[in-house]
Amino acid sequence: MVAPRVYEAMSKPIVGYLDPYCFQVIEEIQDELRKVFGTRNEITFPISGTGSAGMETAVANFAEPGEKCAVFVNGFFSERICEMARRQGAQVVRLEKPWGEVFSDAEAREFIHREKPRIVAYVQAETSTGAFQPGNAICQAAHDADALVIADCVTSLGAAPVEVDATGIDIAYSCSQKGLSCPPGISPATVSPRAWERLGKRTRPVQSWYLDLKLLEGYYKGHKYHHTVPISMLYAVHEGLALIEEEGLEQRFARHRRNHLMLVSALEKLGLRMHVDEGHRLWMLNTPRVPEGVDDAKVRKRLLDEYGIEILGGFGPLAGKVFRIGLMGSSSTEENVKLLIDALEKALAAESAQGVAEK
Ligand SMILES: *Cc1c(COP(=O)(O)O)cnc(C)c1O
């Protein structure tokens, strides 16, 4: 859900992309983003486009043609990183796990020490599975091998600690429409000094002109025209970040955690089991397994038609096997959890009653 104050902010008068007010808004966005990312990185700015634009920025600037790019693959979005890296001409090597599982520190170290890549990528919060991948061991091993680390923080930013600096992440990106509770259209990104230095040593130009970080820095820092930034979306993110500042980061994370725990315990009372093991679960994206014999699409349709609640299903290897329930930003409330649980209980009962009738 988008907060009413964000809608209001988007209706403010448009200024030009070189207007001092535009740069003031950008400066404030950068300051707030550093706090939410948990970083002191100078290079922290909003990329125009959705989360995938942030992903493509990270990959296009840092996965160079012919160089080895090691990807931890345990869900849909790590597959997308592989595809983007292949298109850049990088040599992609993969370590795979079933969707819903995460990589142990030992597995991470062994993979990186064996492959000796130039760049490593993993997804911190895998929205397709509901699993959280810790990054400390990955980053440590990567830095020992002189590799940079890209972390997809699309779903975590604004809903859980991302901890870019404490984890050792070099390049992180996110989006506006998940933990920040804004409309889709902006992808906040941040780059470590180490990664920035590596970028300076590139001999070939970045294939994407639009997502070339050096050119983007020329605009965000040097105030030179690059492309016309989507100012209404910047107003939205500016306001979304102000809401986070007012709530307090710790309080916001605690709210997401509390509502997640409440949801899990209520789902378990309904007899559902969580797909991801305790301790690896995301707070903002919950994946209970679909009970045996239940058609998840029918349950979801009933929730939408009769209760106006939209939850998603699984896809890929998890198609028909899990529900995906988002509790992100403004949507993570106790009231929403109660509403959903009540509706889900009725929808599941109606489905099994119908199943019995059909038999
Ligand atoms: C949503 C998502 C993306 C892609 O973001 P878009 O805004 O859909 O382009 C990438 N990675 C993860 C983990 C996501 O959840």
Side-chain angles (χ1 to χ4, degrees), residues 1-2 6 33 36-37 46-60 62-63 71-85 87 97 99-103 120-135 138 149-164 167 169 171-190 208 210-211 230 233-234 236-237 240 256 260 275-276 280-287 310-318 322-329 331-332:
M1 302 290 238
V2 173
V6 169
L33 280 180
V36 187
F37 268 124
I47 307 286
S48 305
T50 66
S52 302
M55 186 189 284
E56 196 128 42
T57 301
V59 173
F62 294 99
V71 186
F72 290 89
V73 182
N74 59 348
F76 178 79
F77 291 104
S78 35
E79 285 287 354
R80 182 175 290 180
I81 295 175
C82 292
E83 176 60 18
M84 285 186 183
R87 289 183 183 211
K97 275 251 160 147
W99 286 29
E101 292 183 21
V102 297
F103 299 91
V120 174
Y122 76 98
V123 176
Q124 182 179 63
E126 203 14 287
T127 325
S128 62
T129 69
F132 180 88
Q133 175 65 54
I138 295 176
V149 179
I150 297 175
D152 177 316
C153 306
V154 174
T155 291
S156 35
L157 191 78
V162 169
E163 297 288 7
V164 165
T167 310
I169 296 164
I171 303 111
Y173 55 85
S174 186
C175 74
S176 45
Q177 78 272 18
K178 292 175 185 169
L180 300 184
S181 268
C182 294
I186 288 286
S187 175
T190 186
S208 169
Y210 195 73
L211 300 175
M233 275 310 302
L234 294 180
V237 167
H256 281 83
H260 155 74
H275 178 64
V276 175
H280 300 303
R281 293 173 191 156
L282 297 178
W283 301 339
M284 73 302 283
L285 195 287
N286 303 273
T287 47
E310 186 186 21
I311 64 170
L312 296 177
F315 57 105
L318 296 182
V322 298
F323 294 114
R324 293 188 305 134
I325 303 171
L327 288 176
M328 298 172 182
S331 304
S332 174

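Please read these numbers as outputs of a predicted model, since none were measured by experiment. As the structure lists them, so they are numbered: ligands from 1, and atoms in each ligand from 1. These values consider heavy atoms only, across backbone and side chains, with no hydrogens, waters or symmetry-generated copies.
The side-chain contact (heavy atoms from CB on, under 4.5 Å) search around A53 returns I47, not counting sequence neighbours.
No side-chain heavy atom of R324 sits under 4.5 Å from any side-chain heavy atom of N286. The side-chain heavy atoms of R281 and H260, taken from C-beta on, include a pair separated by under 4.5 Å. Counting heavy atoms from C-beta on, the side chains of M284 and H256 come closer than 4.5 Å.
Looking at D152 and Y173, their side chains do bring a donor and an acceptor atom within 3.5 Å of each other.
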Between ligand 1 and the protein, find all N/O pairs closer than 3.5 Å and give the distance for each.
unit_1: ligand 1; atom_1: 7 (O); unit_2: G51; atom_2: N; d: 2.9
unit_1: ligand 1; atom_1: 7 (O); unit_2: Q177; atom_2: NE2; d: 2.8
unit_1: ligand 1; atom_1: 9 (O); unit_2: T50; atom_2: OG1; d: 2.6
unit_1: ligand 1; atom_1: 9 (O); unit_2: G51; atom_2: N; d: 3.4
unit_1: ligand 1; atom_1: 9 (O); unit_2: S52; atom_2: N; d: 2.8
unit_1: ligand 1; atom_1: 9 (O); unit_2: S52; atom_2: OG; d: 2.6
unit_1: ligand 1; atom_1: 11 (N); unit_2: D152; atom_2: OD1; d: 3.4
unit_1: ligand 1; atom_1: 11 (N); unit_2: D152; atom_2: OD2; d: 2.7
unit_1: ligand 1; atom_1: 15 (O); unit_2: T127; atom_2: OG1; d: 2.3
unit_1: ligand 1; atom_1: 15 (O); unit_2: T155; atom_2: OG1; d: 2.9
unit_1: ligand 1; atom_1: 15 (O); unit_2: K178; atom_2: NZ; d: 2.6

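Here the side chain of T167 pairs a donor or acceptor atom with the backbone of E163 at under 3.5 angstrom.
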